[in-house]
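Ligands are counted one by one from 1 in listed order, and the atoms in each one are counted from 1 as well. The chain is numbered in sequence order, starting from 1.
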Amino acid sequence: MPASNGFSLGRRLRAGETVFTAWCGLASPIVAEVTAREGFSAVTIDQQHGLWDTAATVAAIGAIRLAGAASIVRIPLNDFATVSRALDFGAEGIIAPMINTVADAKAFVAAAKYPPLGERSWGPHRATMLAGIPDQKDYLREANNLTVTLAMIETKTALANVDAIAATPGIDMLFIGPSDLSIGLTDGAVLDPHSREVEAANDKIVAAAKKAGKFAGLYCATAERAVACAKRGFQFLAVGSDLGFLRAGISPQVKTLKG
Ligand code: 3PY
Ligand code: MG
């Protein structure tokens with residue numbers, strides 16, 4: 001059995017599909033599962049700004065896979081030890097925030113990919129169990145292709161180094177954090193993920209990814225923005241957040257109750 005049977009994220013991207021991911025910070029495996037069952041083909045577990053601990057992350061990755069979707073983990077800043085742990089739990093993609101230099105990109109790849117690309121340590125027991133891979137040698141042979149590394153470009157420094165980061169072997173995607181990028185590009189003056197400066201940077205980052213043969217991704221606050229940006233060269237788009245979806249569902253109900 002090919003190891004790729006249980007993995008969908010890398011396969012969808014390489015097939016040219018646009019992947020929309022739900023974005024979960026609430027640390028609830030059931031909420032993460034619901035987003036998959038409602039139709040997202042990928043669900044991101046945000047450990048950087050979300051509330052997730054290890055136990056909830058392990059449970060969510062299983063629930064998301066059983067719902068037929070791919071899980072992605074955004075690690076906390078510089079927490080490269082969590083990269084291989086999350087992959088061992090069965091995550092299909094890892095988002096690393098604030099990858100600003102080639103050294104950052106190399107440290108990320110070292111944790112995420114097996115030799116010769118990196119030096120990921122062996123132990124994918126839950127990942128192979130979830131994917132139904134009986135022979136772990138199959139996983140070793142295919143893991144570097146199955147798992148997707150997403151380097152976040154969201155600072156002035158990262159933007160200056162974007163071509164070299166994109167060209168780093170083992171980095172599969174440049175993923176833009178437009179809020180941090182807006183703050184960085186204005187030296188802290190403005191939070192505006194849709195500013196003219198950010199939009200210009202977005203185009204530059206898509207071009208850098210394309211030149212290096214890598215994918216480009218973007219965080220979007222709404223589905224409308226995600227659909228629009230899919231037409232601008234982004235193949236991976238994060239949409240809103242679980243908390244936002246919850247509030248959007250509750251708010252009109254409460255308004256009706258209050259008359
Ligand atoms: C940003 O916009 O800075 C992000 O990290 C998106 O989650
Ligand atoms: Mg950010």
- Task: Check the pair F175 / F236 against ring pair (Phe, Tyr, Trp, His ring centres under 6.0 Å), numbers first and verdict last.
- Result: CA-CA 8 Å; F175 179 68; F236 177 86; 5.7 Å; yes
Counting only nitrogen or oxygen atoms and a 3.5 angstrom limit, does [X] reach ligand 1?
X: E154; result: yes
X: L181; result: no
X: D180; result: yes

- Query: What class does the angle between the rings of F7 and Y139 fall in, given that below 30° is parallel, 30 to 60° is tilted and above 60° is perpendicular?
  - Reply: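 F7 vs Y139 ring planes: tilted.
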- Short side-chain to backbone donor-acceptor contact, D242 and G25, under 3.5 Å: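 A pair under 3.5 Å: yes.
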- Using modelled atom types only, decide if a donor and an acceptor are shared between the side chain of T21 and the backbone of T44 within a distance under 3.5 Å.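 Side chain of T21 to backbone of T44, a donor-acceptor pair under 3.5 Å: yes, one is there.
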- atom 7 (O) of ligand 1: nearest protein contact (heavy atom, Å):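 Of the protein heavy atoms, R74 NH1, 3.3 Å lies nearest.
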- What protein heavy atom sits nearest atom 2 (O) of ligand 1, and how far away is it?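 For atom 2 (O) of ligand 1, the nearest protein heavy atom comes out as S179 N, 2.8 Å.
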- Close approach, P193 and ligand 1, non-hydrogen under 4.0 angstrom: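 In this structure, P193 fails to qualify as a contact of ligand 1 - no heavy atom is under 4.0 Å.
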- Among T57, D53, T54, T82, whose side chain to side chain donor-acceptor pair (under 3.5 Å) with Q47 holds?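 The single option meeting the side chain to side chain donor-acceptor pair (under 3.5 Å) with Q47 is T57.
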- Of N145, T149, N144, D172, the residue whose pairing with K113 passes side chain to side chain donor-acceptor pair (under 3.5 Å):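 Of the listed residues N145, T149, N144, D172, the side chain to side chain donor-acceptor pair (under 3.5 Å) partner of K113 is D172.
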Can a salt bridge be assigned to the pair [X] and [Y] using a cut-off of 4.0 Å between side-chain N and carboxylate O?
X: R232; Y: D203; result: yes
X: E199; Y: R225; result: yes
X: R85; Y: D88; result: no

- Pairwise side-chain contact, N161 with N100, heavy-atom cut-off 4.5 Å (strictly under):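 No, side chains not in contact.
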- Those atoms of ligand 1 less than 4.0 Å from some heavy atom in W23: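 Near W23, the atoms of ligand 1 are 7 (O).
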- Which atoms of ligand 1 are found less than 4.0 Å from any heavy atom of M152?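 Numbered from 1, ligand 1 contributes 4 (C), 5 (O).
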- What part of H49, side chain, backbone, both or neither, has a heavy atom within less than 4.0 angstrom of ligand 1?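 Looking at H49 and ligand 1, no heavy atom falls under 4.0 Å.
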- Item | Around the Mg ion (ligand 2), number of protein N/O/S atoms which are nearer than 2.8 Å |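 N, O or S atoms of the protein closer than 2.8 Å: 2.
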